[in-house]
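To find a chain, count down the sequence lines: A is the first, B the second, and so on, and within it residues start at 1. Quantities reported herein were computed from a predicted structural model and do not represent experimental measurements.
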Amino acid sequence: MDKIKSDIYVILEGAIRSAIEAKELPISEVPEIPFSPTKTPEHGDIATPIALGLAKQAKLAPRAIAETIVKYVNPDKHPSIRKIEIAGPGFINVYLSNEWLFDTIREIIAKKDNYGSIDKGKGKRIQIEFVSANPTGPLNIVSGRAAAVGDTLVNLLNAIGFDAIREYYVNDAGGQVDRLGESIDIRYRQALGETDLEIPDGGYQGEYLREFAESLVEEGKKHLNLSQEERIELFRDKGIKHLLDQQKATLERFGVYFDVWTSEKAIRASGKPDQIIQLFREKNYLYEAEGATWFRMTDFGGDKDCVVIRSNGEYTYFVPDAAYHRDKYERGFNKVIDLLGPDHQGHVVRLKNFVKALGLDDDWLEVDIIQQVNLVDSDGNRRDMSKRQGQFLTLDALIDELSDAVGEQFAVDVARYFFLMRANNTHLDFNLELAVTQANENPVFYIQYAHARCCSIFQQADEQKIQLKPIDVINLEMLSEPSEHEIIRKLADFPQNVLFSAEEREAHRIPHYLHELAGLFHPYYNQHRVLGTSNMELTQARLILVQCVQTVLANGLKLLGISAPQSM
RNA sequence: GCGCCUAUAGCUCAAUUGGAUAGAGCAACGGACUUCUAAUCCGUAGGUUGCAGGUUCGACUCCUGCUAGGCGUGCCA
């Protein structure tokens with residue numbers, strides 16, 4: 001598709017140049033030629049609204065401009081063009097000869113697993129930091145969404161040639177984990193019989209800490225011999241390790257494997273935050289007030305200054321965070337992307353300003369918000385989800401429930417698909433009951449079923465001793481059905497979808513694309529026979545087409561981390 | 001108060017970043033298994049794109065002002 005598009009581009013460019021030289025088009029230079037999508041085959045294969053765009057400058061009617069341009073395209077000289085015509089308000093629609101469709105088929109067969117991949121980002125390193133949940137509880141479903149999206153974005157960026165990695169920032173230092181230690185201490189002492197204790201505001205109420213405290217009780221009462229301060233510190237560290245291990249296990253179950261885990265505690269211990277403070281002091285970005293040290297955020301466009309050293313002498317999380325981002329830069333990434341949860345939205349501007357204060361390029365850091373996931377009951381009511389109140393659905397619980405209905409592998413597939421099918425900046429309603437009870441009508445099954453059907457055809461062919469011939473001896477002209485051409489056009493769109501999804505960080509386009517492809521294949525399957533056509537030449541050509549569909553479905557599902565089953 | 005996000009079919013969402021007649025899936029109704037897998041297919045129905053202006057050949061898309069919901073908002077992360 002890309003090659004043919006650039007061919008057409010050159011032809012149209014030439015035509016416009018000729019028209020200008022012939023004084024039939026009163027514009028100064030050849031403009032960029034945009035291509036608009038062709039939603040229906042009636043609009044040809046490639047269309048451009050260029051004449052509409054030139055109307056004002058040329059002071060001519062769009063249709064007249066289009067006619068002039070088309071006049072200078074000599075179809076006889078360009079065998080790739082079957083027909084070129086003007087439609088609607090002045091669109092130029094180009095109809096391609098079948099040969100480019102067959103080229104698409106040849107390309108897919110040749111590239112196989114690599115079809116859809118390009119090397120545009122070659123030599124450039126990108127890091128995506130995502131999930132990065134506090135190690136104070138199990139991962140919830142918002143983290144699940146972030147995990148699915150981040151994992152897929154890394155796949156997409158790698159597919160277009162970047163060297164992209166997954167990184168998790170472990171917030172194992174600071175006030176939150178102190179609260180964790182305190183909460184565990186209370187649960188521990190409650191388990192040992194103390195009654196007048198309560199988890200304070202800001203502590204962690206979740207049931208999982210009772211269970212963890214039970215396991216500490218099994219170690220005996222010896223922890224009571226420590227001072228409360230020592231005990232809280234010990235429990236904090238034990239709790240972090242326990243909960244982090246649990247998070248890792250959940251992520252692996254979900255098919256997400258991080259390349260790098262960075263500890264905030266280690267960053268703090270490295271002295272890098274101190275260097276940041278020193279740097280900011282030297283640049284006069286800091287001042288003292290109300291017993292704390294403040295950063296002049298307003299100098300960088302922020303609406304408020306913010307505290308970087310609390311009155312008790314401790315850094316707020318901004319300092320290690322800034323140090324962490326400088327560390328990322330020093331590791332040589334050309335670009336870093338942070339995927340943050342909806343509750344960190346206020347952090348976006350600050351983070352970008354800190355990066356600016358460090359003297360780094362504005363677009364080096366990209367921050368995207370993964371919006372919230374609402375749990376919806378069957379009656380349509382939304383349940384609030386707050387980790388601090390202990391009321392939330394964990395990713396594990398979600399997979400468990402789905403797993404009961406459709407098995408472990410499909411449970412992961414369904415969950416990933418649901419998280420990926422929506423644009424990142426939209427709030428996602430996750431109706432758990434619907435996902436479970438209607439699993440059989442789930443869009444992910446629709447896509448997987450299309451793939452399984454392709455496999456099944458080859459299984460049948462094998463049993464019937466039908467051997468697929470090499471592509472160069474197959475007569476692709478046999479693929480003459482409109483539905484076949486439509487499928488090939490869709491297949492030809494795949495690389496562009498991958499590129500666009502990766503560059504715009506819009507992973508949700510891939511599920512939609514695959515659903516559309518499956519939506520073309522299923523009707524085709526029902527209407528036309530591949531095997532048993534009594535015409536082996538036709539069968540061979542259709543087998544090739546089926547193989548292309550299978551390849552693209554598999555490649556797309558792989559980007560999403562969703563399985564492509566051989567049979568269902 | 002201020003900032004960010006959202007508002008599209010009964011429900012959940014798309015719409016190739018300003019292009020042609022705004023599309024899918026659920027839900028509803030009527031059909032198709034002697035067939036390479038019926039987890040499928042075919043058909044019917046569903047819209048003043050939250051409201052009001054503006055920009056232009058053209059607006060779901062951009063600008064301004066409203067309305068509603070969510071999130072955030074100087075010593076939690």
Side-chain angles (χ1 to χ4, degrees), chain A residues 34-40 42-43 47-49 52-53 55-56 61-62 87-91 93 132-134 136 171 174-179 202 264 289-295 297 303-312 314 316-318 321 341-349 369 371-372 374 376 380 382 388 421-423 425-431 434 438-443 445-446 448-450 452-461 463-464 493 496-497 500-501 504 506 508-509 512-513 515-516 519 522-532 542 546 567-568:
Chain A
F35 288 120
S36 58
T38 53
K39 287 175 186 166
T40 145
E42 290 160 32
H43 294 158
T48 173
L52 299 165
K56 194 170 194 179
F91 287 94
N93 293 338
S132 296
N134 288 337
T136 53
N171 301 111
Q176 294 297 327
V177 288
D178 289 342
R179 296 297 92 70
E264 178 183 348
E290 301 170 44
T293 302
W294 298 67
F295 176 82
M297 190 63 79
D303 54 351
K304 285 167 187 169
D305 291 342
C306 65
V307 171
V308 287
I309 304 176
R310 301 206 292 256
S311 43
N312 67 4
E314 285 178 27
T316 60
Y317 80 113
F318 299 121
D321 220 22
D343 51 337
H344 285 66
Q345 165 260 113
H347 191 28
V348 177
V349 171
I369 296 287
Q371 273 297 348
Q372 68 192 77
N374 296 311
V376 183
R382 287 179 177 181
R388 312 266 159 80
M421 68 196 292
R422 304 297 178 221
N425 58 0
T426 64
H427 302 196
L428 184 150
D429 278 0
F430 201 117
N431 187 330
L434 191 74
Q438 306 207 331
N440 287 353
E441 288 151 11
N442 210 297
F445 290 99
Y446 186 81
Q448 289 178 317
Y449 189 51
R453 273 183 154 172
C454 291
C455 295
S456 173
I457 289 172
F458 281 101
Q459 175 90 30
Q460 281 291 323
E463 283 169 19
Q464 295 175 26
D493 275 345
Q496 201 186 333
N497 270 271
F500 202 84
S501 303
E504 299 297 322
E506 293 184 342
H508 72 281
R509 289 174 180 280
H512 282 277
Y513 169 84
H515 195 262
E516 283 166 13
H522 282 305
Y524 173 71
Y525 178 94
N526 270 276
Q527 278 165 28
H528 303 287
R529 305 284 303 173
V530 174
L531 305 172
R542 287 182 172 173
V546 170
S567 66
M568 292 174 74

Of the candidate nucleotides [options], which contains the atom at the shortest distance from the side chain of [X]?
| X | options | answer |
| --- | --- | --- |
| A/Phe91 | B/U17, B/A77, B/G19 | B/G19 |
| A/Tyr317 | B/C36, B/C5, B/A77 | B/A77 |
| A/Arg529 | B/A39, B/U56, B/U35 | B/U35 |
| A/Tyr449 | B/G19, B/U40, B/G70 | B/U40 |
| A/Pro49 | B/C71, B/C41, B/G19 | B/G19 |
| A/Asn425 | B/U6, B/G19, B/C76 | B/U6 |
| A/Gln372 | B/G70, B/G19, B/A14 | B/G70 |
| A/Ala452 | B/C76, B/C13, B/U37 | B/U37 |
| A/Asn134 | B/U40, B/A77, B/G74 | B/A77 |
| A/Met568 | B/A77, B/A39, B/C41 | B/A39 |

Looking at [N], does its base get a donor-acceptor pair with the side chain of [X] below 3.5 Å?
| X | N | value |
| --- | --- | --- |
| A/Gln345 | B/C71 | yes |
| A/Gln371 | B/C5 | no |
| A/Asp178 | B/A77 | no |
| A/Glu290 | B/G74 | no |
| A/His344 | B/A77 | yes |

Q) For residues A/His512 and A/Asn497, is any side-chain donor paired with an opposing acceptor at under 3.5 Å? A)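 Looking only at side-chain atoms, A/Asn497 and A/His512 do not form any donor-acceptor pair under 3.5 Å.
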Can you tell me how far [atom2] of [N] sits from [atom1] of [X], to the nearest Å?
| X | N | atom1 | atom2 | answer |
| --- | --- | --- | --- | --- |
| A/Phe35 | B/U16 | CZ | C1' | 14 Å |
| A/His512 | B/U17 | NE2 | P | 17 Å |
| A/His522 | B/U37 | NE2 | P | 13 Å |
| A/Phe318 | B/C76 | CZ | P | 10 Å |
| A/Arg422 | B/C11 | CZ | C1' | 11 Å |
| A/His528 | B/C42 | NE2 | C1' | 13 Å |
| A/Glu506 | B/U17 | CD | P | 11 Å |
| A/Asp305 | B/C2 | CG | P | 20 Å |

Phosphate OP1/OP2 of [N] contacted by [X] side-chain N/O (<4.0 Å):
| X | N | result |
| --- | --- | --- |
| A/Tyr525 | B/C33 | no |
| A/Asn526 | B/C42 | no |
| A/Arg542 | B/C36 | no |
| A/His508 | B/U16 | no |
| A/Arg453 | B/A39 | no |
| A/Thr426 | B/A14 | yes |

Q) Can you check side chain to side chain contact (heavy atoms under 4.5 Å, CB included) on A/Asn134 and A/Val177, steps first, answer last? A) CA-CA 8 Å; A/Asn134 288 337; A/Val177 288; over 6 Å; no
(Q) Looking only at the aromatic ring of each residue, does the gap between the centers of A/His515 and A/Tyr446 stay below 6.0 angstrom? (A)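 Between A/His515 and A/Tyr446, which both carry aromatic rings, the centre distance is below 6.0 Å.
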Q) Quick check, are the ring centers of A/Tyr513 and A/His508 under 6.0 angstrom apart? A)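 Ring centres of A/His508 and A/Tyr513 not closer than 6.0 Å.
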Determine which nucleotide pairs with [N], using a 3.5 Å limit on both distances of a Watson-Crick or G-U wobble pair.
| N | answer |
| --- | --- |
| B/C41 | B/G31 |
| B/C71 | B/G3 |
| B/C51 | B/G65 |
| B/G46 | none |
| B/G19 | B/C57 |
| B/C76 | none |

When you compare [N] with [M], how far apart are their [atom1] atoms, in angstrom units rounded to a whole number?
| N | M | atom1 | answer |
| --- | --- | --- | --- |
| B/A52 | B/U12 | P | 23 Å |
| B/U8 | B/U40 | C1' | 29 Å |
| B/C42 | B/C5 | C1' | 41 Å |
| B/A20 | B/C57 | C1' | 13 Å |

**Q.** Pairwise 5' ranking along RNA chain B for A/Arg179 and A/Ser36, keeping only the more 5' one
**A.**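 The answer here is A/Ser36.
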Q: Please figure out whether A/Ser456 or A/Asn312 has its closest RNA chain B nucleotide nearer the 5' end.
A: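 Taking each residue's closest nucleotide, the earlier one in sequence belongs to A/Ser456.
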Could you check whether [X] gets within reach of a base, just the sugar-phosphate, or nothing at all, counting any heavy atom under 4.0 Å?
| X | value |
| --- | --- |
| A/Gln464 | nothing |
| A/Thr38 | nothing |
| A/Pro342 | sugar-phosphate |
| A/Ala55 | nothing |

Q. Side chain of A/Thr38, backbone of A/Ala47: donor and acceptor closer than 3.5 Å?
A.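 The answer is no, because no donor-acceptor pair under 3.5 Å joins these two groups.
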Q.
So does A/Pro34 get a backbone contact from the side chain of A/Thr48, meaning a donor-acceptor N/O pair under 3.5 Å?
A.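 Yes, because the side chain of A/Thr48 sits within donor-acceptor range (under 3.5 Å) of the backbone of A/Pro34.
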Q: Under the side chain to side chain contact (heavy atoms under 4.5 Å, CB included) rule, what do A/Glu463 and A/Phe458 come out as? Steps first, then yes or no, please.
A: CA-CA 9 Å; A/Glu463 283 169 19; A/Phe458 281 101; over 6 Å; no
(Q) Please classify B/C5 as syn or anti, treating any glycosidic angle within 90° of 0 as syn. (A)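 You should classify B/C5 as anti.
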Q. Does B/U17 sit syn or anti, given that only angles within 90° of 0 count as syn?
A.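 Chi for B/U17 falls in the syn range.
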Q: Compare the ring of A/His515 with the six-membered ring in the base of B/A24 and state whether they stack (centres under 5.5 Å, planes under 30°).
A: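 Here the ring of A/His515 and the base of B/A24 are not stacked, as the 5.5 Å and 30° limits are not both satisfied.
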**Q.** Gap between atom CZ of A/Arg542 and atom OH of A/Tyr524 - 0.5 Å precision
**A.**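 Taking OH in A/Tyr524 and CZ in A/Arg542, the distance rounds to 4.0 Å.
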Q | Validation row: A/Cys306, A/Trp294 side chains within 4.5 angstrom (heavy atoms) | A |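 No. Closest side-chain heavy atoms not under 4.5 Å.
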(Q) Could you walk me through whether A/Phe295 and A/Asp305 satisfy the side chain to side chain contact (heavy atoms under 4.5 Å, CB included) test, starting with their C-alpha distance in whole Å, then the side-chain angles of each, then the deciding distance to 0.1 Å, before giving a yes or no? (A) CA-CA 6 Å; A/Phe295 176 82; A/Asp305 291 342; over 6 Å; no
